[in-house]
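These numbers come from a predicted model, not from an experiment.
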Amino acid sequence: MTLRWQERAWAAVVCAALGGGALAQSYERSVLVPGIAGAVDGVSPHGLAGMNFGPDGTLYVGSVISPGIYRVDVTTGTVERVVGAPEGEADDVAIAADGTLVWTAILAGELRARRPDGSVVTLAKNLPMINPVNFTHDGRLFTGQLGQPDVLLEADITGQAAPRVVAKGLGGINAFVGDGKNGLYVPMAERGAVGRVDLATGEATVIADGLGQPVAVKADSHGNLFTIDWTTGKITFVNPSSGETIRIATVAPPLDNLAIGPDDTIYVSRPSDNSIVAVNSDTGAQRVLIQGRLAAPGGLATIKRNGKPALLVTDAFGYRFVDAATGETELLPFDLATRASSAVAVTEASIVISYVRRPTVVVIDRATGRARHTLSGFKAPMGVTARGADIFVADYATGEVLKLMPGASPDRSVVAGGLRGPVGLALDPGGKLIVGEAEAGALLSIDQATGTQTTLATGLVQPEGLTVLDDGRIAVAEVGARRLTMVDPRTGAKTVIADDLPLGEMFTRAPAPVYMPTGVATDETGAIYVTCDIDNTLLKFTPKTN
């Protein structure tokens with residue numbers, strides 16, 4: 001009886017708002033959360049990782065989440081992409097004396113290079129979890145693989161010969177540096193140590209330990225070593241002769257890599273907010289060179305935080321909260337395992353996130369912030385919505401909308417199937433599921449009890465995130481056309497609110513062409529919010545009063 005009353009009330013609201021030729025609402029566009037200030041052409045990195053200085057004194061930095069290699073001017077903070085997708089997937093980068101740029105494509109398992117003439121070539125293939133790379137002083141090229149087989153390799157810069165195994169079982173080798181004496185200084189993350197590998201014999205010797213989870217070690221112009229701890233953000237001086245260690249600074253974690261400039265300034269990369277922090281190696285003084293607030297944004301939802309209106313934005317490096325008035329952004333203590341996400345729904349008791357790159361749905365207790373349930377077995381969970389105890393997810397790859405019952409057996413049931421790329425997902429006040437089919441270019445209404453599908457609108461260009469406004473209209477991001485569109489669910493009529501939006505970035509380990517779903521949400525004032533993945537911004541569209 002209650003559901004029927006809600007459906008009748010919802011129908012009355014829709015007819016009153018949309019019937020009789022109501023005037024189209026216009027909106028004022030503003031940037032609530034900006035991207036990196038120095039990004040050239042509005043193209044922003046997504047999770048800065050490995051980095052090294054080139055012979056021109058310019059810092060080169062790689063990104064894996066969205067493939068790209070970037071040139072950073074450490075004086076001005078300008079960031080310019082020099083290798084884009086898909087070739088630019090780079091966990092670590094190194095530059096030869098002649099300007100050849102080499103990088104590790106960790107997900108593809110390839111060692112790649114860009115020659116001085118601009119041509120991109122693959123130097124080696126079939127190297128799963130290939131991660132660090134660097135040149136020695138005499139121009140030899142070395143790389144390594146994490147996990148299994150956990151090896152250090154010497155590679156051929158011409159790509160003619162297969163990589164040669166130098167050493168095995170180093171304990172989590174990562175970004176390293178040559179010692180100028182036929183050896184490499186390497187971090188051993190699993191041992192919490194820094195060691196030296198003899199390149200002639202492959203023998204590894206521990207220099208210093210008790211360093212937490214060291215993920216990089218580099219040398220300054222005097223031969224002093226510095227290492228960083230991924231988990232704590234500690235930057236530590238290591239004396240290569242005595243093994244003496246001195247903590248010189250702590251930067252908010254996680255820290256992925258470091259490079260040391262010609263003047264011995266230390267630069268560290270933090271992927272969670274696309275930041276690079278410069279650290280004085282003598283005093284420990286810090287200066288933020290570049291910084292964003294979002295790393296790889298996806299879906300979003302409105303929420304109350306500390307009694308104020310806020311947004312919860314999903315991100316490949318962990319969801320974060322945004323003050324709806326000021327744009328102030330808060331990333332909770334870093335936890336990639338449970339907070340990396342691409343879509344979100346919020347109820348009174350729970351936060352529900354899905355992650356398409358590691359196909360899971362996690363139910364988080366709002367009171368404690370702890371995960372209550374983690375569900376797996378999805379192919380590509382692109383959209384999620386929830387109300388009360390009911391949770392629904394759209395699986396892009398299987399073409400299904402599923403109802404989830406965490407803790408039960410079975411823990412899911414199919415509400416509707418045969419959909420063509422379902423992405424956006426919402427519940428209207430009457431309990432009907434509103435679904436956007438990215439491949440079909442349509443909006444559907446689905447009865448969750450019967451699975452009956454009703455087409456609300458067609459002719460959309462890759463619809464992704466969507467939200468239902470109080471007056472019945474549906475705002476949807478047409479990512480294929482880079483625009484925000486309002487749909488009248490009664491007639492299917494479409495009105496463009498904004499176009500030329502920075503949408504449609506490629507992300508690794510996510511199905512094309514959606515990759516990371518664009519988020520759309522609305523609040524009680526009727527404002528509409530959209531995440532933009534190309535420049536890592538969050539846009540706000542405020543209804544105009546006249």
Side-chain angles (χ1 to χ4, degrees), residues 31-84 88 90-95 99 101 103 175 216 218 220 226 228 233 235 248-297 315 317 320 322 326-329 331 502 505 532-538:
V31 178
L32 181 63
V33 177
I36 292 176
V40 175
D41 298 327
V43 177
S44 179
H46 301 277
L48 292 175
M51 56 185 185
N52 258 315
F53 277 90
D56 59 355
T58 301
L59 184 62
Y60 290 83
V61 191
S63 171
V64 173
I65 297 294
S66 178
I69 300 173
Y70 301 84
R71 182 188 295 118
V72 180
D73 187 312
V74 298
T75 302
T76 65
T78 301
V79 182
E80 181 181 9
R81 187 161 61 189
V82 294
V83 183
D91 194 80
D92 201 3
V93 297
I95 306 91
L101 180 64
W103 64 94
K218 297 290 174 67
D220 68 9
F226 295 88
I228 55 173
I235 303 174
I248 65 166
T250 300
V251 177
L255 300 187
D256 186 274
N257 216 308
L258 84 158
I260 301 179
D263 63 351
D264 287 337
T265 298
I266 299 170
Y267 297 85
V268 296
S269 62
R270 181 169 58 226
S272 58
D273 62 357
N274 289 321
S275 65
I276 295 176
V277 180
V279 180
N280 185 297
S281 58
D282 292 324
T283 67
Q286 301 177 23
R287 173 177 63 91
V288 176
L289 178 62
I290 62 171
Q291 185 174 29
R293 301 187 194 180
L294 305 173
D315 194 288
F317 283 94
R320 55 212 68 198
V322 175
T326 66
E328 181 181 353
T329 306
L331 173 65
E505 184 70 279
C532 299
D533 50 15
I534 287 180
D535 62 359
N536 296 329
T537 59
L538 176 58

Side chain to side chain contact (heavy atoms under 4.5 Å, CB included), that's the test. Do Ile260 and Thr265 meet it? Break it down for me.
CA-CA 6 Å; Ile260 301 179; Thr265 298; over 6 Å; no
Let's go through Val40 and Arg81 carefully: what are the C-alpha distance in whole Å and the side-chain angles of both, what is the deciding distance for side chain to side chain contact (heavy atoms under 4.5 Å, CB included) to 0.1 Å, and is it a yes or a no?
CA-CA 8 Å; Val40 175; Arg81 187 161 61 189; over 6 Å; no
Begin with the C-alpha distance, continue with both residues' side-chain angles, and end with the deciding distance and a verdict on side-chain hydrogen bond (donor to acceptor under 3.5 Å, both in side chains) for Ser269 and Asn257.
CA-CA 5 Å; Ser269 62; Asn257 216 308; 5.8 Å; no
Step by step, would you call Val279 with Phe226 a side chain to side chain contact (heavy atoms under 4.5 Å, CB included)?
CA-CA 11 Å; Val279 180; Phe226 295 88; over 6 Å; no
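Rounded to the nearest 0.5 Å, atoms NE2 (His46) and CG (Asp535) are 8.0 Å apart. Remark: Asp256 CG to Asp91 CG distance equals 6.0 Å, nearest 0.5 Å. With rounding to the nearest 0.5 angstrom, the CG atom of Leu331 is 11.0 Å from the CZ atom of Phe317. To the nearest 0.5 Å, atom CG of residue Leu48 and atom CD1 of residue Ile36 are 6.0 Å apart.
Contact between Ala90 and Gly68 at its shortest, heavy atoms only, is CB-O, 4.3 Å. Contact detail for Ile65 and Ala296: the closest heavy-atom pair is CG2-CB, 3.9 Å. Listed here is the closest heavy atom pair of Gly233 and Pro253: N-CB, 3.8 Å. Nearest heavy atoms, Lys218 versus Met51: NZ-O, 3.3 Å.
A distance-only check finds no donor-acceptor pair linking the side chain of Asp73 to the backbone of Thr78 [under 3.5 Å]. Side-chain N or O atoms of Asp533 include none that pairs as donor or acceptor with a backbone N or O of Pro297 at under 3.5 Å. With Asn274 contributing its side chain and Pro45 its backbone, the two residues share a donor-acceptor pair below 3.5 Å.
Side chains of Asp220 and Ile266 form no contact here, defined as non-hydrogen atoms less than 4.5 Å apart. Ile276 places a side-chain heavy atom less than 4.5 Å from the side chain of Val61. Counting heavy atoms from C-beta outward, Ser272 and Pro254 have side chains that approach closer than 4.5 Å. Using a 4.5 Å cut-off on side-chain heavy atoms (C-beta onward), Ile69 and Val93 make contact. With contacts defined as side-chain heavy-atom distances shorter than 4.5 Å, the pair Arg270/Val251 qualifies. For the pair Val33 and Leu294, the minimum side-chain heavy-atom distance is below 4.5 Å.
There is no side-chain donor-acceptor pair under 3.5 Å between Asp264 and Ser281. No side-chain N or O of Thr58 forms a donor-acceptor pair with one of Arg71 less than 3.5 Å apart.
For the side chain to side chain contact (heavy atoms under 4.5 Å, CB included) with Gln286, the lone residue among Val268, Ile235, Asn280, Val277 that qualifies is Val277.
Under a 4.0 Å N-O distance rule, the pair Arg293/Asp273 does not qualify as a salt bridge.
Listed by first and then second residue, the ring-ring contact (aromatic ring centres under 6.0 Å, His included) pairs that reach into residues 269-289 come to none, sequence neighbours excluded. Each ring-ring contact (aromatic ring centres under 6.0 Å, His included) pair with one or both residues in residues 53-72, not counting sequence neighbours, appears once here: Phe53-Tyr267.
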